[in-house]
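When a ligand or atom number is given, it counts from 1 through the structure's own listing order. Any value given below was found using the heavy atoms of this structure, including those in side chains, with hydrogens, waters and symmetry copies removed.
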Amino acid sequence: MEKHLRTPIKEIIGKYPPVGALLEEYRIGCVPCSVGTCLLADIVEIHNLSPEDEGTLMARIAGIVSPGQAVALPEPRDRRPATTRKISYSPPMKALVEEHGHIQRFLAVLPAILDRFDARSEADRDLVRGGLDFIRSYADRFHHAKEEDILFACFDPGLDILKAMREDHERGRAHVRAAVEALARCDGEGVAASLQGYAGVLAEHIKKEDEILYPWMDRNLSMHQVGELFERFRAVDERFAEDLKKYESFVGRLEDAHAETISEVR
Ligand SMILES: [Fe+2]
Ligand SMILES: [Fe+2]
């Protein structure tokens with residue numbers, strides 16, 4: 001089992017596909033992950049399973065990779081059970097989670113905008129231009145830049161989990177570039193497909209950061225680093241203060257304009 005703990009997860013899943021299904025059962029999304037070089041031991045650590053779940057998962061993996069053999073399982077780490085765990089973030093991480101909240105509010109109204117989008121209408125094109133500006137300025141230049149330039153810089157840049165997060169950011173940017181190009185040629189279907197692709201990437205990405213990345217980072221940052229992050233984030237907030245007000249009110253106006261559709265979806 002020790003050998004498997006030090007093996008990249010994609011290699012294990014490639015050799016033993018039922019391990020992929022088993023990880024999905026524990027809501028550990030290694031199968032769709034674009035990187036997959038995390039070691040099995042790191043995955044268990046990053047996902048912070050309860051000691052009971054960790055023990056059961058390791059025993060079931062051992063049953064797949066070494067069927068019928070008695071194997072020595074690693075001692076589960078002593079942590080609070082995940083089932084009773086409510087994530088409590090440090091102040092700088094909490095600020096990032098709140099920013100996700102604004103992005104999620106925009107993503108919630110996006111289907112209604114795209115449903116009614118008519119590429120021949122100047123007003124509709126203007127509305128989508130506003131949405132693209134929100135994505136590029138608030139979600140990317142403000143929020144993702146805070147993550148990439150400040151938060152991720154506290155950790156080893158070679159970490160697989162950070163590579164996966166940066167790849168998500170790049171995939172999001174590629175969808176946005178495609179949406180901008182489609183809008184310029186008044187291609188309504190192209191705009192809708194690109195923005196739906198963006199929404200899919202971001203929704204999953206935010207979930208991974210809120211539930212896995214940020215709690216893992218909080219467990220690995222010193223008090224001093226948390227204080228420094230808080231100060232550096234505050235400096236960025238001050239620089240963007242006027243824009244933040246503008247984008248928060250933009251999302252509020254969208255919600256008001258599409259209140260009926262949003263409540264139907266919810
Ligand atoms: Fe991110
Ligand atoms: Fe984020």
> Charged N to carboxylate O under 4.0 angstrom, E242 versus K245?
Replying inline: yes
> Between K94 and E98, does at least one N-O distance fall below 4.0 Å, as a salt bridge requires?
Replying inline: yes
>> Under 2.8 Å from the Fe ion (ligand 2), can any N, O or S atom of H144 be found?
In response: no
> In E209, the N, O or S atom nearest to the Fe ion (ligand 1) is which?
Replying inline: OE2
> Closer than 2.8 Å to the Fe ion (ligand 1), do we get an N, O or S atom from H143, backbone or side chain?
Replying inline: no
> Hey, is the Fe ion (ligand 1) within less than 2.8 Å of some N/O/S atom on D168?
Replying inline: no
> Taking atom types as modelled and ignoring hydrogens, do the side chains of Y214 and H100 form a donor-acceptor contact shorter than 3.5 angstrom?
Replying inline: yes
> Would you call the rings of F152 and H169 parallel, tilted or perpendicular, where under 30° means parallel and over 60° means perpendicular?
Replying inline: parallel
> With the Fe ion (ligand 1) at the apex, how many degrees lie between OE1 of E147 and NE2 of H205, rounded to 10 degrees?
Replying inline: 180°
>> Could you check whether K207 pairs with E204 (Lys NZ or Arg NE/NH1/NH2 to Asp/Glu carboxylate O, under 4.0 Å)?
In response: no
